Trainee: 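Here it is, the structure in full.
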Amino acid sequence: MRWLIITLLLGLIACKKPPKDSPPASNNTSSPTPYTLQLPPEFPVMKIREDNPLTKEGVALGRKLYYDVRLSQGGPMQGHACATCHVQSFSFANNAAGVSVMPHVNLGYSNAFLWKGNVQGTLEDVMLFEVKDFFQVDTAYLATLPEYPPMFKAAFGSETINHKRIAYALAQFVRTLISGNSKFDRYYRGEVMLSDAEMRGMMIFFSERGDCFHCHPLPLFTDYEFHNIGLDSVFTGENQGLYLITKNPADLGKFRTPTLRNVALTAPYMHDGRFATLQEVIDHYSDHVKASPTLDPIMSHNNRDINLRLTPQEKADLIAFLLTLTDSTFINNPDFGPPQ
Amino acid sequence: MRYAVIGTLLFLWACKPKPAEPPPPTQVPLTVQIRYEVDGQPLQPDTLLYTNDAENRYSITKLRYYLSRFTLTRNDGFQWRNDTVIYMDALQNPNPTLSLGEIPSGTYVKLEFYIGVYPERNKTGALPNTVENMNMQWPDAMGGGYHHLKLEGRYLVKPDSTAGYAMHLGTNAALPQALIRTSLNIQGDAFTIPLTMNINEWFRNPYVYDFNTKSYIMGDTLHMQQIAENGADVFQIKP
């Protein structure tokens with residue numbers, strides 16, 4: 001009988017899967033609370049880096065940093081917070097002239113950042129660039145502010161403040177900036193109707209007539225890739241775009257496609273803000289596209305005619321459609337505004 | 001000691017799901033290895049290196065497509081099929097290996113697959129919601145589903161100037177279907193089918209395609225169908 005028991009025990013040991021090793025219980029620090037991203041049903045799954053899961057504490061810290069001018073204390077951007085230029089009511093861009101501020105909308109899907117693609121990787125990577133190179137954040141100074149060390153502890157387990165943690169917290173907050181409740185979205189979900197002009201504009205946008213969808217596809221209205229859309233035929237200075245980063249002549253004049261979500265709020269347009277209105281943008285695609293060896297092949301719509309040659313009616317319809325991409329719940333969401 | 005024997009039997013029984021069973025037919029893990037060429041020249045992005053049968057000198061700036069529904073027919077008539085849809089980006093990943101699961105051993109005489117999304121899955125939203133698939137959507141306004149193929153680049157129109165071309169295929173009416181008659185003796189621990197796409201085959205047989213005729217074909221059923229038909233033999237088994 002003893003043999004039976006022993007053998008059975010052996011059998012049990014042999015057959016039982018090893019228990020899942022549970023992490024050592026951290027008794028002294030309570031771990032941060034997971035944050036579930038609310039995505040509209042038609043949105044792609046968002047890949048999130050394993051070393052930076054979304055947590056309530058991380059998002060709250062990122063939001064506080066985003067709105068805090070002290071982040072730039074002593075650095076080249078002294079006096080600025082991220083939110084000084086990335087303003088919620090402008091879809092986290094602004095209306096200033098010069099290099100267009102890029103909006104922070106659904107950015108967690110991108111893996112190439114800035115107009116010229118200076119940073120490739122994840123949101124964490126571009127945030128590290130912003131924190132370390134652009135703001136040159138003084139971490140020792142932040143550590144002297146009473147509210148920060150406990151917030152870093154709550155988000156990351158200890159009071160240590162470094163560039164990486166600041167970048168990770170900012171990445172968490174910006175990842176939550178999801179816009180997917182525009183009039184167009186509600187139409188897409190079958191909740192509202194579009195006007196006749198908006199419908200006609202939508203058909204131009206999503207057909208070979210306007211061919212906008214190839215680079216501004218559903219549901220994000222950007223492919224997050226780089227294209228030359230014929231703004232110039234000769235490229236100098238900043239207008240060389242992606243080429244300045246890659247030094248590949250095939251990249252001359254290419255820029256990261258911006259999302260068209262909330263585009264009504266993000267004038268002036270294009271990387272250098274050269275167009276003041278959507279009318280000027282549409283006029284460009286219709287009548288002023290310039291040929292060059294790197295012009296995107298998609299722009300050769302009608303057998304080598306690189307211009308769409310839209311009628312005034314078609315232009316007005318296209319603009320009417322673009323205006324349906326404004327998401328007022330996004331720009332008024334109190335969770336995205338300055339923390340109390 | 002008798003108990004020990006019983007115990008051991010119990011032990012064996014507990015551990016093994018099904019004790020005595022005839023050996024299953026050999027299942028062979030099957031992979032497909034993809035390569036690219038243009039009439040023997042290697043695939044290189046962005047350079048006007050290639051010439052097609054219509055004498056267009058051209059470059060390739062984008063080659064993205066799907067492969068789906070690999071089907072193999074054995075010499076005894078048995079058909080094996082795999083319904084996954086695989087996204088391909090030739091410039092991003094020029095030599096991928098695709099795992100297609102396990103196939104019963106035997107001599108297979110026909111290999112078929114779609115270069116694109118097979119009809120039942122070619123509906124908006126039918127593929128997993130990823131950014132790659134979103135970027136391949138074929139707008140509902142034009143029939144819905146996905147682009148089967150995006151082949152883009154530039155070609156010389158005059159000695160010193162180029163224009164773009166965009167060979168986009170979509171809708172079930174323009175879905176390229178590859179059919180390769182062969183003799184593959186599939187057995188052993190694993191089996192790999194080496195497939196090479198010769199990009200120039202998109203522009204010949206049965207139709208010699210000239211970019212000057214139509215450089216942008218999306219929505220133009222006639223030209224999309226010509227390219228789709230040309231696509232039947234773009235892939236060949238090539239060790």
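Residue numbers begin at 1 in each chain, while the letters A, B, ... track the order of the sequences. Computation of the quantities below employed the complete heavy-atom set of this structure, encompassing side-chain atoms and omitting hydrogens, waters and symmetry-equivalent molecules. All values derive from a computational prediction rather than experimental measurement.
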Trainee: Among Asn133(B), Thr130(B), Asn135(B), which residue has the highest count of heavy-atom pairs closer than 4.5 Å to chain A?
Mentor: Asn135(B)
Trainee: Return the option, out of Met46(A), Met203(A), Glu225(A), with the maximum number of heavy-atom pairs under 4.5 Å with chain B.
Mentor: Glu225(A)
Trainee: Taking every non-hydrogen pair under 4.5 Å, which of Leu220(A), Asn248(A), Asp211(A) racks up the most with chain B?
Mentor: Asp211(A)
Trainee: Compute the ring centroids of His147(B) and His214(A), then answer whether they are less than 6.0 Å apart.
Mentor: yes
Trainee: Measuring heavy-atom distances to chain B, does Glu42(A) have an atom under 4.5 Å in its side chain, in its backbone, in both, or in neither?
Mentor: backbone
Trainee: Tell me which of these, Ser59(B), Ala141(B), Ala166(B), has more heavy-atom pairs under 4.5 Å with chain A than the rest.
Mentor: Ala141(B)
Trainee: Any carboxylate oxygen within less than 4.0 angstrom of a Lys/Arg side-chain nitrogen, looking at Asp125(A) and Arg49(A)?
Mentor: yes
Trainee: Using the six-membered ring wherever Trp is involved, compare the ring planes of Tyr58(B) and Tyr50(B) and label them parallel, tilted or perpendicular (cut-offs 30° and 60°).
Mentor: tilted
Trainee: Measuring heavy-atom distances to chain B, does Phe206(A) have an atom under 4.5 Å in its side chain, in its backbone, in both, or in neither?
Mentor: both
Trainee: Checking Phe43(A) against chain B: side chain, backbone, both or neither under 4.5 Å from a heavy atom?
Mentor: backbone
Trainee: Could you tell me whether a side-chain N or O of Tyr216(B) sits under 3.5 Å from a main-chain N or O of Ile298(A), the two making a donor and an acceptor?
Mentor: no
Trainee: Using a distance-only test with no angle check, is there a side-chain donor-acceptor pair under 3.5 angstrom linking Ser292(A) and Asn228(A)?
Mentor: yes
Trainee: Are any of the side-chain nitrogens in Arg261(A) or Asp327(A) under 4.0 Å away from the carboxylate oxygens of its partner?
Mentor: no
